[in-house]
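Here the structure comes first, spelled out in structure tokens, and everything after it is commentary.
Protein chains get the first letters and strands the later ones, always in sequence-line order, with residue 1 at the start of each.
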Number of protein chains: 2
Amino acid sequence: MNQTQEQILHYARLFLQSRGYNGFSYRDIARKLDIKNAAIHNYYPKKEDLVATLLEESRKEINANFSRVVESGGGGKEQLQSYFDYTFQDYDNGRRICLPGSVIVYHGELPDKVQEQNLLLIDNIIGWFSRALKTGREQGEFNFSGSVDERADLIAGTLLGIRQLSTLKGRDTLVKTITLIKADLGWID
Amino acid sequence: MNQTQEQILHYARLFLQSRGYNGFSYRDIARKLDIKNAAIHNYYPKKEDLVATLLEESRKEINANFSRVVESGGGGKEQLQSYFDYTFQDYDNGRRICLPGSVIVYHGELPDKVQEQNLLLIDNIIGWFSRALKTGREQGEFNFSGSVDERADLIAGTLLGIRQLSTLKGRDTLVKTITLIKADLGWID
DNA sequence: AAACCTACTTACCTATATATAAGTAACTAT
DNA sequence: ATAGTTACTTATATATAGGTAAGTAGGTTT
């Protein structure tokens with residue numbers, strides 16, 4: 001992967017997470033890199049290829065992160081915290097909403113390839129949340145109501161939403177709402 | 001307001017809440033009503049006029065609903081429940097994501113008029129949540145951690161997110177996560 | 001030195017979005 | 001009867017999106 005290709009992915013992700021699937025074009029990326037539209041088609045023949053790649057790479061990255069924490073013996077709190085850290089990092093990198101959130105608005109209208117990868121990404125994240133919650137509950141780190149799976153959905157939905165809300169209300173809102181998510185888990189630092 | 005005009009608003013809202021701001025066009029609406037594109041421009045010269053109208057009307061409707069509940073002496077639970085009811089109704093009307101959520105993805109890139117109305121709508125909703133939470137906490141209906149305003153942001157963000165997540169995971173997920181939101185408020189029916 | 005590959009550009013196509021202007025048919029008020 | 005209004009249509013403009021085909025400059029291989 002050469003520098004141009006890396007830069008394409010970099011800006012594609014930035015635009016995608018700022019404006020959603022239908023909110024950016026190859027032109028936007030081309031202009032940033034001072035190349036022509038068609039150069040991007042050279043690497044990613046279709047927009048769906050580009051976006052599916054981003055989703056797939058993100059899934060791999062997230063899975064690698066969680067795996068690392070789990071394998072190093074991290075408990076439920078450490079596992080979840082690693083995702084909260086990732087969220088703040090993502091936000092601080094200028095990505096205003098989360099990656100699955102930028103695609104989900106159009107889900108159903110998008111190419112199969114993209115839908116498929118977004119589903120995989122979301123299922124993976126929620127799967128890791130479930131495992132973290134299960135571990136944490138068993139080890140007495142958490143004390144929450146509802147089943148592990150329901151709680152995982154709630155956390156996923158909440159993170160999705162507060163990233164979008166933070167677009168209007170700023171980083172402080174993101175910090176404070178994540179603190180409340182923890183409080184609701186019976187999480188004591 | 002004639003029938004055509006009402007139908008334009010009806011489909012505009014349906015499309016907006018299914019596909020987001022950049023996910024539908026005047027053409028989509030025109031086709032549904034079997035009229036021409038330009039007929040819609042007759043009523044709403046620009047897309048921003050159409051969407052700003054939808055946001056404004058929704059705000060009025062929501063304010064009227066909350067006001068009614070508050071004035072009829074409803075406590076915090078009844079106030080919040082009226083919004084949850086509204087959410088389910090909205091979902092069951094085929095509107096897959098919430099109205100502010102359909103716009104927020106593009107916030108910052110949209111016409112001022114639209115940004116302004118969406119901010120007003122969201123601030124209004126969160127304002128009502130805060131009042132409901134304050135009332136409910138004072139009257140011992142709720143028992144939650146964090147400030148009333150932080151909790152209102154959390155609920156708003158969560159509802160935003162779970163509506164979008166329900167796009168993938170169905171109505172059941174919406175029901176269960178709203179149940180958990182209540183549990184986290186210390187809400188006992 | 002010839003052939004080939006890489007990383008693009010040039011040129012073009014088709015479809016669509018967001019409008020605007022001008023016209024018209026049917027109804028409405030005076 | 002005429003003037004105005006309502007509810008559109010027709011025709012057109014401009015910009016952009018997504019995509020393809022063919023060409024080319026410069027480096028790499030044989």
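When the side-chain hydrogen bond (donor to acceptor under 3.5 Å, both in side chains) test is applied to B:R151, the partners found at least two apart in sequence or on another chain are A:D184, B:S145. By the ring pair (Phe, Tyr, Trp, His ring centres under 6.0 Å) test, B:Y86 is found to be paired with B:Y83, residues two or more places apart in sequence or in another chain being considered. Scored by the ring pair (Phe, Tyr, Trp, His ring centres under 6.0 Å) test, A:F142 finds A:W187 as partners (sequence neighbours excluded). Residues passing the side chain to side chain contact (heavy atoms under 4.5 Å, CB included) test with A:Q7, sequence neighbours excluded: A:Y11, A:L33. For B:N37, the side chain to side chain contact (heavy atoms under 4.5 Å, CB included) partners are B:Y26, B:R27, not counting sequence neighbours. By the side-chain hydrogen bond (donor to acceptor under 3.5 Å, both in side chains) test, B:D153 is found to be paired with A:K169, residues two or more places apart in sequence or in another chain being considered.
Residue pairs meeting the salt bridge (charged side-chain N to carboxylate O under 4.0 Å, His left out) criterion with at least one member in residues 28-47 of chain B, sequence neighbours excluded, are B:R19-B:D28.
With hydrogens and angles left out, the side-chain atoms of B:Q17 and B:D90 include a donor and acceptor closer than 3.5 Å. Side-chain contact annotation: B:K182 with B:Q81, donor-acceptor N/O pair under 3.5 Å present.
Using modelled atom types, one side-chain atom of B:Q115 and one backbone atom of B:L110 make a donor-acceptor pair closer than 3.5 Å. Of the possible donor and acceptor atoms, one in the side chain of B:N2 sits under 3.5 Å from a partner among the backbone N and O of B:T4. Judged by distance alone, with hydrogens and angles left aside, the side-chain atoms of A:Q117 form no donor-acceptor pair with the main-chain N or O of A:L55 at under 3.5 Å. Panel note: side chain A:S58, backbone A:L54; no donor-acceptor pair is recorded below 3.5 Å. Looking only at distances, a side-chain donor or acceptor of A:S82 sits under 3.5 Å from a matching main-chain atom of A:Q79.
More than 12 heavy atoms of other residues, nucleotides or ligands sit less than 6.0 Å from atom CD of B:E6.
The side chain of A:T4 places no N or O atom within less than 4.0 Å of a non-bridging phosphate oxygen (OP1 or OP2) of C:dA7.
Look at CD1 on A:I40: it is 15 Å from P on C:dT10, rounded to the nearest Å. If you measure from atom CZ of A:R31 to atom C1' of D:dT16, you get 10 Å, rounded to the nearest angstrom. The separation between B:N2 atom CG and D:dT5 atom P is 17 Å, rounded to whole Å. Across the protein-nucleic acid pair, B:N37 atom CG and D:dT9 atom C1' stand 11 Å apart, rounded to whole Å. Rounding to whole angstrom units, CE of residue A:M1 and P of C:dC8 are separated by 14 Å.
Applying a 4.0 Å cut-off to non-hydrogen atoms, the residues of residues 41-52 of chain B that approach DNA chain D are B:N42, B:Y43, listed by residue number. The stretch residues 17-29 of chain B touches DNA chain C through B:S25, B:Y26, B:R27, each having a heavy atom under 4.0 angstrom from the strand.
Using five terminal pairs a side, the axes of the helix from C:dA1-D:dT30 to C:dT30-D:dA1 at its two ends make an angle of 0°, given in steps of 10 degrees.
The cationic group of B:R163 does not satisfy the cation-pi geometry with B:Y91, failing either the under 6.0 Å distance to the six-membered ring centre or the 45° limit from the ring axis.
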Please list, for nucleotides 11-13 of chain D, all pairs of protein and nucleotide N/O atoms separated by less than 3.5 Å.
none

Sub-3.5 Å pairs of nitrogen or oxygen atoms, protein against nucleotides 22-29 of chain D:
none

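The nucleotide whose nearest atom lies closest to any side-chain atom of A:I35 is, among D:dT9, C:dA7, C:dT9, C:dT9.
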